[in-house]
Amino acid sequence: MTAILALILRILLLTLAYLFVGWIAYLIYKDLHQATKAEKPSEVPVLTLITNTEQGQIQQEYQDPNVIIGRDPACDLSLQDETISARHCQISYKHNRWWAEDLGSTNGTFLNENGIESPVILTDGDILRLGRIKILINTNR
């Protein structure tokens, strides 16, 4: 009789343990689900790029999260200069910051005259140099 009672108590204890673990997992899931719902997508601020070329000064504003700069006419900012690659540089808005990244260009991309090896954060007033073209960054913050 005591063996049957012990078995019933073990089964009851095991069931309660599984219910407790399941309840904790449900609470964690519910909390994570609520947290992701509460996050609203961040609005992309205006980015202004100002450059002087042989054709004159170019000033363009962007509110897209990705801006491609290069010689290719399909680029967001197309610059006709032989020192610039077809798809030279990408400016992206991630983690509430503007980032610049070289796209494997021949002549490199420079931020304030420092070569870019990996994505770097842009700030208002930075100078981005692609080949021999300089671009003033205005992040409008």
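Heavy atoms only: backbone and side chains are in, while hydrogens, waters and symmetry mates are out.
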- Query: Of all heavy-atom pairs between Cys75 and Ala86, which one has the smallest distance, and what is that distance?
  - Reply: SG-O, 3.3 Å
- Query: What pair of heavy atoms forms the shortest contact from Val67 to Asp64, and how long is it?
  - Reply: CG2-O, 4.2 Å
- Message: Working to the nearest 0.5 angstrom, can you tell me the gap between Ile11 CD1 and Leu14 CG?
- Response: 8.5 Å
- Classify the side-chain pair Thr48/Asn138 by whether it contains a donor and acceptor separated by less than 3.5 Å. no
- Message: Quick check on Ile4: does its CD1 atom have over 12 non-hydrogen neighbours (other residues, nucleotides or ligands) under 6.0 Å away?
- Response: no
- Item | Short side-chain to backbone donor-acceptor contact, Gln63 and Pro45, under 3.5 Å | no
- Is there a side-chain contact between Asn66 and Ile68, using heavy atoms and a 4.5 Å cut-off? no
- Query: Should Trp99 and Ile135 be regarded as members of a common hydrophobic cluster, given that ILVMFWY residues are connected when their side-chain heavy atoms come within less than 4.5 Å of each other, either directly or indirectly?
  - Reply: no
- Message: According to a hydrophobic-cluster definition based on side-chain heavy atoms being under 4.5 Å apart (Ile, Leu, Val, Met, Phe, Trp, Tyr only), do Tyr93 and Tyr62 belong together?
- Response: yes
- Donor-acceptor contact below 3.5 Å, side chain Arg129 vs main chain Gly131: yes
- Message: When you compare the side chain of Gln59 with that of Leu49, does any pair of heavy atoms fall below 4.5 Å?
- Response: no
- Task: Apply side-chain contact (heavy atoms from CB on, under 4.5 Å) to Leu128 and Cys89, showing your working.
- Result: CA-CA 10 Å; Leu128 196 62; Cys89 174; 4.0 Å; yes
- Query: Hey, what do you get for CG (Asn96) to CD (Glu43), rounding to the nearest 0.5 Å?
  - Reply: 11.5 Å
- Hey, quick one: are Leu12 and Phe20 part of the same hydrophobic cluster, counting side-chain heavy atoms closer than 4.5 Å, chains of contacts allowed? no
- Item | Student check: side-chain heavy atoms of Ser92 and Trp98 closer than 4.5 Å | no
- Query: So Ile137 and Thr139, side-chain contact (heavy atoms from CB on, under 4.5 Å) or not? Walk me through it.
  - Reply: CA-CA 6 Å; Ile137 306 295; Thr139 58; 3.9 Å; yes
- Message: Can you confirm whether Asp81 sits close enough to Arg132 that some side-chain heavy atom of one is under 4.5 Å from a side-chain heavy atom of the other?
- Response: yes
- Give a yes or no on whether Leu130 and Ile116 share a hydrophobic cluster (residues Ile, Leu, Val, Met, Phe, Trp, Tyr; joining criterion: side-chain heavy atoms under 4.5 Å apart). yes
- Query: With a 4.5 Å heavy-atom cut-off, do Ile91 and Leu122 have their side chains touching?
  - Reply: yes
- Heavy-atom distance under 4.5 Å between the side chains of Leu79 and Leu77, does that happen here? yes
- Query: Got Ile127 and Leu136 here, is their nearest side-chain heavy-atom distance under 4.5 Å?
  - Reply: yes
- Query: With no hydrogens and no angle check, is any side-chain donor or acceptor of Asp102 less than 3.5 Å from a backbone partner on Ser105?
  - Reply: yes
- When you measure from the side chain of Asn107 to the backbone N and O of Thr83, does any donor-acceptor pair fall under 3.5 Å? yes
- Report yes or no: does His88 contribute a side-chain atom to a donor-acceptor pair with the main-chain N or O of Ser85 at less than 3.5 Å? yes
- Are any of the side-chain heavy atoms of Gln57 and Ile50 separated by less than 4.5 Å? yes
- Query: Would a hydrophobic clustering, with Ile, Leu, Val, Met, Phe, Trp and Tyr connected at side-chain separations under 4.5 Å, put Leu32 with Leu27?
  - Reply: yes
- The side chain to side chain contact (heavy atoms under 4.5 Å, CB included) partner of Ile133 among Ile84, Ile58, Ile69 is Ile84
- Query: Hey, is the main chain of Lys134 close enough, under 3.5 Å, to the side chain of Thr51 for a donor-acceptor pair?
  - Reply: yes
- Item | Any donor-acceptor N/O pair, Asp126 side chain to Thr123 backbone, under 3.5 Å | yes
